[in-house]
Structure formats: C-alpha cells, structure tokens
Protein chains: 2
Amino acid sequence: MTELQRRPTLMDVAEAAGVSRALVSIVMRGAPGAAESTRQRVLEAARQLGYRADSRARLLRSSRTKLLGLIFSTSHPFHAEIVDAAYAEASARGYEIALSAVANGRPEARAIETLLDVGAEALIIIAPTLSVDDLALHARQVPVVSLLRDNVGDLVDSVSSDDDAGIAIAVDHLVGLGHRRIVHVDGGAAVSSDRRRETYRSEMIRHGLQAVVVPGGPGEEDGMGAGRILQANLPTAVIAFNDRSALGIMESFRAAGISIPADVSVLGYDDSHFAKLSFVQLSSVSQDAPLLAAAAVGRAVDRIEGEKLPGSVVRTPHLVLRKTTARAPAETRTS
Amino acid sequence: MTELQRRPTLMDVAEAAGVSRALVSIVMRGAPGAAESTRQRVLEAARQLGYRADSRARLLRSSRTKLLGLIFSTSHPFHAEIVDAAYAEASARGYEIALSAVANGRPEARAIETLLDVGAEALIIIAPTLSVDDLALHARQVPVVSLLRDNVGDLVDSVSSDDDAGIAIAVDHLVGLGHRRIVHVDGGAAVSSDRRRETYRSEMIRHGLQAVVVPGGPGEEDGMGAGRILQANLPTAVIAFNDRSALGIMESFRAAGISIPADVSVLGYDDSHFAKLSFVQLSSVSQDAPLLAAAAVGRAVDRIEGEKLPGSVVRTPHLVLRKTTARAPAETRTS
DNA sequence: TTCTTCTTCTAGATCGTTCTAGTCGCACTA
DNA sequence: TAGTGCGACTAGAACGATCTAGAAGAAGAA
C-alpha cells in the first residue's frame, strides 16, 4: 500500500500508448513529427502514469536541461526579492531555476558545484565574491552571469545597477533639498561598498562639498554603530550603504531623540521590503530587483542559446521618496 | 585558446592507464578490488587528464542522487535560517540539498515538480500549504517530510515545534510576571495560526483568565493594525503570532507613546534574526531553527535509507527572554 | 503505372557511468 | 593431480533519455 512504485519511464508510456519510445520522446519534447491524434494519446498516457522526464538521462544524452542555476545568500533579504523575480522571468523564457544558497559554512564554490551537478546550463550569481580568475574558470564550462557586481572580467557577463548613478542621484537629491553636510556610512567589506564610497566622494567634490565617510557595514548593527558615531557631530543628511544599515542608523538616532527628517535626513539603498513598511517609510535608492533579475535571466538564456552580445548590462536605479528625507534644517543651511 | 574542450571520460583515463573502464570506475570510487600499484597508475592518469566524474551519468546508473529537496518561501525570513541549518546537517550526512522556492506566482506544486525533475530523493517542505491528499500523492513517489506543520496524514513525516508547549510557555511566563490581561494577536491565514490561537485560549482558561484574540496576520503591517486596535483597551501583555507581527505591534505602541515593557509586555514567536538586534531585543519563543532543520534532514535521510520510524518528531520550543517582557504594571495587578 | 515527396513512425546506437557475471592466474589443500 | 578459493581484472549489459537513419504509407505528379 505504502510501497514506492518505480518512477515511470519513456518505455512505460510508450507501451501504454502503443507507440515507440522515440515517438514518446518527440511528443514530450514538443518536437515536430507526430500526428496530432497520437500526440494526444501519448500525452494522455503520460498524464495517467504521472510520467516525468528524468533530467539526468536527458542531460546525459542531449546536454540540455533547461535549467538555470541561481546562487543567492541566505543572509541577504534583498536577494529573496531577486529570486522571486527570476522565477517569473525564467518561466516566461521556458526555463526552470535551480537554486543554491551561500550559507554559513557553505562557500560560493560549493554552491556552484551543486548547481553544475544538477545540470544547470548557466550560472547566475548574485553579488559573487569569487575572484575574477575563479569566475573565469567556471565561465569556461558554462555561461556565467554576475548580478550586482560588474567588475568580473571578460568571460563572464554582468548585470548590475549603476552604483555611480545611484549615489549621484542620492547626493543630487539631498543637495537639492539644501543639505551641505551629507555623510556616507559605508558598507565595509560588502560587495559594492568601495564603488559607492568613491562615487560618493567624487560627487561631493563635484558639488563643492566636503565628503565624510563613516565606517559601517551591511547589517543593522553596523548602522547602529555608525549612528552613534554620527551623533557626536550630527550632519544634516546621511546616505546609508543599504536599507538595513539605514535602519540601524535611524534606530540609534531615535534612541538619542534625534528626529528624522526634521533634524537629519536618512537615505537608504535597495528599496527593500523593509523600506516600504508603513512605520518605516524609508526613502531609498531602488535597484529594481525584478528588472535586474529579468535582465540577468535574459542574458543567461541568450548565452545558452548562442547569442553573442556585449558582456554587461547596466541599469540606472531610481529614487523612491518616502518620509525620511526633507529640506535641510534652516540653521545649517545658512551656516 | 578559449575553446571548450570535451571533458575527459572514464574511457580516456582507461586508455591512458592501459586498463578497462570498469577498473577505472572501481579506483575512482575507492571501491575495493584493485591492486595498489594499478590504483596509483590510474589515479595518476586521471590527474594528468584532469578527469572529473560526470555526476549525471553516475547517478543515472546508480539511481542515487544523494539530493534532498528543500522547499521554502521567499517571503518568510525565518525560512532562510532553516535553509542555512539544513545545508550543514545534510552535508554532515553526506547529502546535498536542492532548493526550490515558493514565490509570487509560483505555487508549491511547481516547486515540488522542479525538485523531482532534478532527482531529489526526498522532499522537505517548510510549512506546506498543500492538502493532506496532495501531500500523500507525492509521498507515494518519494519520502516527504513536513517541517513546521504536523497535521499531514499518515504517509508523510512531520518535524514540528510543539506549538501547544510554545504558547503554554509564553502564557506561563507572562502569568508568572503577574499579568492577567494577556491578549493574543493571531496569524490570520498563516499555517499554525489556528493551533496557536486555540492553545492560547485553553491556556488562558486553565489559568482562570479571560482570553482575548485580536485578528492579525504574519506580517509587520498586520501587527501594526492589531496594535492600533489594542490601544483602545490596552492589555498588560500581548503574545504575537510571530516576530514580524510583534514588530508591527511594537511600532504602533511606540507611535502612541506606549512604552514597552513598562506599560505593556510584548512576546514574539520564532526568535528570528530581527528579535536579536540590539535595538529590538524582543523576547520570543524560539523554535530553534537549526535543531528543527537537522531533525527534518535526519528524518528524510533515514527514510531514504529505509529506516522505518514513527512519523512525527515534535520538538519543544523554549523562551528567549530579552527586554520586551517585564512584570505587569502595579495598578493592573491590583485591579 | 512509377517516381517523388511528405508525414508519421520506429529500430538501434549513443551519452558516461555502474553493476553483474564472469575469466584468468596463482597458491593452497587433500 | 584435481579441486577450491581468492585477488585482480574485464566484457558487456544496464540506466533513461535523445538522435540518426531509414521504413511505411499516403498523396500528388508525370
């Protein structure tokens, strides 16, 4: 009763429908070369038996799995949004997605191996931390697309958000609101941290303002720490590395009785789920996860199907204004 | 230069070493039956050619994938912690994990299909929403383990946290602190919502107290809404369905100038990443994700390897006390 | 009628492994 | 001397799909 029955094979379906294995294969792949009536009969038989193609056997013979490998990190909520969107786009393009996570004690290299083992035809890695050489090594075997990091060598494609533009928009916005003392809390060792920090610096200089960078990190606690440092010499605006950091900064301000945005404006980055909450309403630079994910999936599929295109796609982020940014306080503006 | 060369096969190694394919296979698997001298020769040949076994072919033949399918939801941060822990345990047991997400527009059934396609030998589903019948359908093909839901029929195993105990601990703790007006903000349509609500009711009755349930949901906004309702008639303690809901409740209190825990104690559920943040310090019922994950993985592996065990494992959660619960305010205690 | 052409279908090889059932020496026993 | 056991090795059949080459039959053209 509870016995697990052997999973049905092409042969089983063929017998049930009274045709050859080859024909069943044709029908299952949706390939041309089967009469409509037989096609229906085969499909019906397959349905009845609960037939599912064995992807290993298929791959072994044809080297096609229609599987895209996607690597994300469990510790990064923003990645979940990308995963979500990637599924939708992959499905639209006729591909499935195989997921693999970078987790505690599970490095990127391991995640990649797993995906190759299940037969992924391309790899999409969100914010890869591997070296350019290591990435290139894998790129020699399958197409590799880097998402959210663009400095990845010639062999791998990249789909990223224009960090320069994002930071520029952020600085412009705050300057436009009359802010002059704008500091940046950076992302420490996080992937695009360096790039954003440097752009912030040059943008500030471009506006004739003094750049001040406070060390931070990608997490809430990092922001919290930076917030405490900031209080000693409060600026009128701060651009956080990401939303999580912004949250920590805001909490530290709240604890100190500093009001946002009356005393200080705070701008996040990512426009994450969290920024949208009614009691947070964080103004943030949106990288538009769905668009990025779609672009990455599209690029991976194009590569698999042999299109040769320029290696990198860059999308311009945009500002989502909510309640944490406002005009600079009067006294500072006049100073 | 960049040309992809065909990867070497067993046959290539066999020729290079002057032995049969079968012997190479024996050596590569580390199986007994090869003389030490030949073993070295084969190993050397394999190394020279850069041979790597093709896992697809290997698995096709041996019908073992050593792959555990794990289904989680992108919208549930708590699941990420489980994924993390599951990787560790699977790896310790000699298995790999294939992940599949339930996302926007991607139902559970679809996630299951993908995993079966890549050859998962068992399915672990976090908080499955499928009907008992649908679950049983799949359980007939591969072992299925339900994580965080225990009412799943005879055919599927379940590993869950004892919600009754969790709520009982929560109520006991608050009663012990002198609270009498303890309300529960429920989880709406979320998986264990009904169970927790009913246990809350009976526990309150057991303590001779009046049960009050305010409708909520699994998200921050749900908690926010419930918090506003609570303010009309403030209890001295509230037990939230989960940490996210607790956060919303706390925010609504904070906005109304109600102080925690001086005016009201708040208890969360899940002991998530968020509860641990220094500026949140939410007291919470911990289901101990790592332990649950390990138990689920262990059960799945046992099933695959043929052990026949009772179908369900229940773990008792425990309370993690932080800063959001305290003795009931004096005036209420005396009333 | 005979020759093409097209559609529909099938047999059998094939992908790179593992597994089964041997074979071949060689040493040991009775 | 034959039998028996054992270690080292191999041939060839799986596994479950796809692919190639070609057969069978019908339809159309000459």
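These numbers come from a predicted model, not from an experiment. Order of the sequence lines sets the chain letters (A, B, ...), proteins ahead of strands, with each chain counted from 1.
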*Counterpart base for dT29(C), defined by Watson-Crick or G-U wobble contacts under 3.5 Å*: dA2(D)

*asked:* Tell me the interatomic distance from Arg39(B), atom CZ, to dC9(D), atom P, rounded to whole angstroms.
replied: 10 Å

*On DNA chain D, check which nucleotide each of Ala57(B) and Arg41(B) is closest to and give me the residue with the more 5' one.*
Arg41(B)

*Polar contact flag, side-chain donor to acceptor under 3.5 angstrom, Asp84(B)-Thr74(A)*: yes

_Under a plain distance cut-off of 3.5 Å, with no hydrogens placed, do Arg29(B) and Ser25(B) share a side-chain donor-acceptor pair?_
yes

*Spacing of Ile304(A) atom CD1 and Leu68(A) atom CG [to the nearest 0.5 Å]*: 5.0 Å

_Using whole Å, what does the distance between atom P of nucleotide dC15(C) and atom CG of Asp54(A) come to?_
18 Å

*Donor on one side chain, acceptor on other, Ser100(B) and Arg106(B), under 3.5 Å*: yes

*Round to the nearest Å and state the distance from Arg29(A) atom CZ to dG16(D) atom C1'.*
13 Å

*Rounded off to whole Å, could you give me the CZ-to-P distance for the Arg56(A) and dA17(D) pair?*
9 Å

*What is the distance, rounded to the nearest whole Å, between atom CG of Leu59(A) and atom C1' of dC15(D)?*
14 Å

_Assuming nearest nucleotide by heavy-atom distance, tell me which of Leu60(B) and Ala35(B) is located more 5' along DNA chain D._
Ala35(B)

*Phosphate oxygens OP1/OP2 of dC9(D): is one of them under 4.0 Å from a side-chain N or O of Thr38(B)?*
yes

*Can you tell me how far P of dA17(D) sits from CG of Leu49(A), to the nearest Å?*
12 Å

*dG16(C) phosphate, OP1 or OP2: any side-chain N/O from Arg61(A) under 4.0 angstrom?*
no

*Have Glu44(B) and Gln40(B) got a donor and an acceptor in their side chains that come within less than 3.5 Å?*
no

*Atom-pair distance (CG on Asp117(B); C1' on dG16(D)), nearest Å*: 14 Å

*Of the residues in residues 16-28 of chain A, which ones touch DNA chain D at a heavy-atom distance under 4.0 Å?*
Arg21(A), Ala22(A), Ser25(A)

*asked:* Rounding to an integer number of Å, can you tell me how far Leu10(B) CG sits from dC19(C) P?
replied: 12 Å

_Using modelled atom types and a 3.5 Å cut-off, is there a donor and acceptor pairing between side-chain atoms of Glu108(B) and backbone atoms of Pro128(B)?_
no

*Can you tell me if Arg299(B) uses its side chain to pair, donor with acceptor, with the backbone of Val144(B) under 3.5 Å?*
no

